[in-house]
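The next block holds one structure in the form of structure tokens; read it before the comments.
Predicted model only: the values in this text are computed from it and were never measured. Counting begins at 1 with the first residue of the sequence.
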Amino acid sequence: MPRPLLHTRCPELAESLPFLRLGEAPTPVRRLPGLGTRSELWIKDESGYGDGGWGGNKVRKLEWLLPEARRRGARTILTVGGLGTNWGLAAARYARETGLGVALGLIDHPVDEHVRAQLERLRASGATLHFLHTRSRLILAAPWLFARHAHGRTLPYYLPAGGSSPLGTLGAVETALELGAQVEAGELPEPAWLVTAVGSGGTAAGLALGLRLAGLRTRVLGVVVNDTLRLDSATLLKLARRSTALLRARGADLDDAGPAPDAIRTETAWLGDGYAHPTTAGDRALARASAQAGLTLERTYTAKALAALLDLDAAGRLDGGPVVFLQTHGPR
């Protein structure tokens, strides 16, 4: 398996920052001409990433988080999410392959057929599920969850929602470094924008840092799809800076590697009534992507992100430069 591009960029991290390859890289880039955009539209398709029982960009985070959990001697991962969490399912399936147990604290959100199917996958994943219903009850239950899933004096290794810790964010750094290599190889022009859904913040933050490390001027357009967390551009840039500090603490020789203040732009107008609440604009984008581009999206993240891209492009707010849509949805 090839080593990660972050280790190639910073070889001093190879010993201090363990990595576990879980998918085939790089993920492909291609033109996406069927949607009639004013901007030249491309896609970086993460949907096929992952060699296990689930795919998509969540697997990228686990490539850094799972070996760190093992390095710390953890036997169980404790993480949180909504009832239909793609993150929780990916964590459960890949952690089990490395001998780690998973406990999931779940909170309620609207339920449709996708969520019901996802719940069945979660129940079959081997994870211990705790239905806490609300964010406040989840917070109150946290001490009990840690005690319940401790092994002797060894507490579970906690991962925040979506794996969006400074370490988990490195998964998106790797994605951005891949994109930089693909631009350098002439597979696509340097994009003006890289568009992604923002559910917990780690992907947007990591992309901004990775694009900076890759030497690209590309900016991240983050379409906020979650109203339960603070996800403005300042918060995402702070997470990117924490990831930069982590790399330096592990020995990376970085000069001024942090993203610029304008590296991330966030948009909230496509959120609708809240996390996992479908929107008319999102449903239109989902249907249009399927009919005109053969692209499979889902209603919580990628449909809203593409809806924002299409509307902003039609309004001339993407500057006419090449735009890359990050396809993060990876069902199996």
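D283 and T280 are not linked by any side-chain donor-acceptor pair at a separation below 3.5 angstrom, with hydrogens and angles left out of the test. S39 and T37 form no side-chain donor-acceptor contact under 3.5 Å, judged by distance and modelled atom types alone. The closest side-chain donor-acceptor pair between T296 and H329, if any, does not fall under 3.5 angstrom. Side-chain N/O atoms of S47 and Q327 include no donor and acceptor closer than 3.5 Å. Looking at S165 and K61, their side chains never bring a donor and an acceptor atom within 3.5 Å of each other.
Atom CG of residue L32 and atom CD of residue Q292 lie 10.0 Å apart, to the nearest 0.5 angstrom. From F19, atom CZ reaches atom CG of L66 across 11.0 Å, with rounding to the nearest 0.5 Å. The line from CG of L306 to CG of L35 is 6.0 Å long, rounded to the nearest 0.5 Å. Remark: L145 CG to L155 CG distance equals 12.0 Å, nearest 0.5 Å. From H149, atom NE2 reaches atom CH2 of W144 across 6.0 Å, with rounding to the nearest 0.5 Å. For the atom pair CD1 of I77 and OG1 of T98, the computed distance is 6.5 Å after rounding to the nearest 0.5 Å.
In terms of modelled atom types and a separation under 3.5 Å, the side chain of E178 and the main chain of T27 share a donor-acceptor contact. When atom types are taken as modelled, the side chain of R219 and the backbone of D262 share a donor-acceptor pair closer than 3.5 angstrom.
By the 30° and 60° cut-offs, the orientation of the rings of Y301 relative to Y275 is perpendicular.
Annotation: side chain to side chain contact (heavy atoms under 4.5 Å, CB included) contacts of V223 (sequence neighbours excluded): V195, W270, A305, A308.
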